[in-house]
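Values below: every heavy atom of this structure, side chains too, minus hydrogens, waters and symmetry copies.
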Amino acid sequence: MRWLIHEEQELWASPWLSVRRLDVEQPDGRRVDYHAVRLSDVAATVVTIDGKVLLMWRHRFLTDSWAWELPMGIIEPGESPMTAAARELEEETGWRPGPLTDLIRSQPGAGIMDSTHHVFRATSATRIGEPTERNESDRIEWIPLADVPGMIARHEILSGITLLGLQQTLLADAGLAGTRTPTTTQPPPPPPA
């Protein structure tokens with residue numbers, strides 16, 4: 001059931017994304033014209049200390065919505081996801097994380113875009129000063145983790161990467177996240193005919 005890309009053409013691009021037209025062959029052999037977005041990968045950090053999580057209150061102009069979010073940003077070329085997560089946390093909040101662990105990753109729109117979202121967790125951080133990114137948020141606060149489910153229910157948290165990271169943190173803290181096993185980036189080969 002593998003789909004094959006025969007040709008790909010860039011229709012428009014910026015430093016962060018590229019709108020593409022693809023000539024795709026579906027598993028049944030039929031070829032279709034398909035449109036997709038190739039988007040930079042994103043990294044975010046969940047910092048929890050003493051039962052509280054560091055969140056930013058911010059406005060998203062595209063959806064004209066206000067909500068709490070994790071510090072996050074685009075992974076720069078040549079930068080590791082973990083390095084990007086730490087950099088964005090520091091730039092956006094003025095807090096430098098302690099050791100980071102891989103929490104979860106997702107591909108939020110795998111049918112239309114190829115961006116991978118990486119979420120890391122730190123259980124310590126050091127205040128190093130004011131944020132250097134002054135256009136990212138109105139407030140930066142330590143919110144009780146126990147308040148997060150209610151905030152989600154009230155739509156005070158809307159960002160997909162933030163929801164995923166916070167829910168995975170709550171599951172991990174409750175002992176419900178399970179154990180992680182290494183995965184490969186390539187699907188296993190098809191069984192012999």
Side-chain angles (χ1 to χ4, degrees), residues 16-17 36-76 79-95 97-125 131 133 135-181 183 185:
W16 304 280
L17 65 88
V37 176
R38 296 219 180 260
L39 183 65
S40 299
D41 290 347
V42 176
T45 306
V46 178
V47 182
T48 56
I49 301 175
D50 297 327
K52 294 184 178 181
V53 62
L54 185 62
L55 295 175
M56 302 169 20
W57 178 252
R58 67 171 301 165
H59 178 251
R60 289 293 186 178
F61 67 90
L62 197 56
T63 56
D64 194 22
S65 59
W66 290 88
W68 291 101
E69 293 185 4
L70 295 172
M72 70 181 87
I74 290 174
I75 300 168
E76 299 294 337
E79 187 177 42
S80 75
M82 187 177 286
T83 300
R87 176 183 52 76
E88 290 289 342
L89 176 71
E90 194 170 312
E91 289 174 358
E92 293 181 358
T93 69
W95 286 85
L100 290 169
T101 58
D102 187 22
L103 183 63
I104 195 165
R105 78 178 66 160
S106 72
Q107 294 176 337
I112 192 73
M113 71 177 185
D114 65 350
S115 179
T116 298
H117 292 188
H118 302 262
V119 185
F120 297 89
R121 185 172 185 189
T123 56
S124 65
E133 285 287 338
N135 295 313
E136 294 291 334
S137 65
D138 273 12
R139 299 191 324 254
I140 300 165
E141 294 185 20
W142 290 94
I143 306 288
L145 264 173
D147 292 355
V148 167
M151 294 167 71
I152 292 170
R154 292 187 301 274
H155 307 288
E156 295 169 11
I157 299 172
L158 299 170
S159 153
I161 193 171
T162 300
L163 288 165
L164 184 68
L166 291 174
Q167 290 174 335
Q168 186 69 11
T169 297
L170 291 169
L171 287 170
D173 287 358
L176 300 172
T179 56
R180 298 185 56 133
T181 56
T183 58
T185 58

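With sequence neighbours excluded, the residues satisfying side chain to side chain contact (heavy atoms under 4.5 Å, CB included) with Ile152 are Val148, Ile157, Leu163, Gln167. Remark: Thr83 engages Ser80 in a side-chain hydrogen bond (donor to acceptor under 3.5 Å, both in side chains) (not counting sequence neighbours). Under the rule for a salt bridge (charged side-chain N to carboxylate O under 4.0 Å, His left out), the partners of Glu141 that lie at least two apart in sequence or sit in another chain are Arg139. Partners of Glu156 under the side-chain hydrogen bond (donor to acceptor under 3.5 Å, both in side chains) rule, at least two apart in sequence or in another chain, are Arg154. In terms of the side-chain hydrogen bond (donor to acceptor under 3.5 Å, both in side chains) criterion, Glu76 has no residue partners (sequence neighbours excluded). The salt bridge (charged side-chain N to carboxylate O under 4.0 Å, His left out) check on Glu90 picks up Arg96, with sequence neighbours excluded. Scanning for side chain to side chain contact (heavy atoms under 4.5 Å, CB included) contacts around Ile112 gives an empty result, with sequence neighbours left out. When the side-chain hydrogen bond (donor to acceptor under 3.5 Å, both in side chains) test is applied to Arg60, the partners found at least two apart in sequence or on another chain are Glu69. Every residue meeting the side chain to side chain contact (heavy atoms under 4.5 Å, CB included) condition with Ile161, not counting sequence neighbours, appears here in chain and number order: Val42, Ala44, Met72, His117, Val119, Ser159. Residues meeting the salt bridge (charged side-chain N to carboxylate O under 4.0 Å, His left out) test with Arg121, sequence neighbours left out: Asp173. Judged as a side chain to side chain contact (heavy atoms under 4.5 Å, CB included), and not counting sequence neighbours, the contacts of Ile140 are Leu54, Met56, Thr93, Pro131, Ser137.
Nearest heavy-atom pair across Ala86 and Leu100 is CB-CD1, 3.9 Å. Closest of all the heavy-atom pairs between Pro108 and Ser115 is CD-O, 3.6 Å. The shortest non-hydrogen separation linking Pro99 to Ser124 is CD-OG, 3.9 Å. Ala43 and Ala84 make their closest contact through CB-CB, 4.0 Å (heavy atoms, listed as atom of the first residue, atom of the second, distance).
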**OP:** Go through the steps for Met151 and Leu55 under the test side-chain contact (heavy atoms from CB on, under 4.5 Å), then give the verdict.
**Re:** CA-CA 12 Å; Met151 294 167 71; Leu55 295 175; 4.3 Å; yes
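In this structure, Asp102 and Phe120 have side chains that are in contact, with non-hydrogen atoms separated by less than 4.5 Å. Residues Leu158 and Thr63 fail the side-chain proximity criterion, which asks for heavy atoms closer than 4.5 Å. Two residues are said to be in side-chain contact when any heavy atoms from C-beta on lie closer than 4.5 Å; Ile74 and Trp16 meet this criterion. Taking the side chain as every heavy atom from C-beta outward, Leu164 and Ile104 approach each other to under 4.5 Å. Looking at heavy atoms from C-beta onward, His118 lies in side-chain contact with Ile75 at the 4.5 angstrom threshold. By the 4.5 Å heavy-atom criterion applied to side chains, Trp142 and Ile49 are counted as neighbours.
Considering CG of Asp147 and CH2 of Trp68, their distance stands at 10.5 Å, rounded to 0.5 Å. Residue Leu70 holds its CG atom at 7.5 Å from OG1 of Thr169, rounded to the nearest 0.5 Å.
Within the 3.5 Å criterion, the main-chain N or O of Ala85 finds a donor-acceptor partner in the side chain of Thr45. Of the possible donor and acceptor atoms, one in the side chain of Asp114 sits under 3.5 Å from a partner among the backbone N and O of Leu39. Although no hydrogens or angles enter the test, the distance criterion places no donor-acceptor pair under 3.5 Å between the side chain of Asp138 and the main chain of Trp57. Within the 3.5 Å criterion, the main-chain N or O of Thr48 finds no donor-acceptor partner in the side chain of Thr123.
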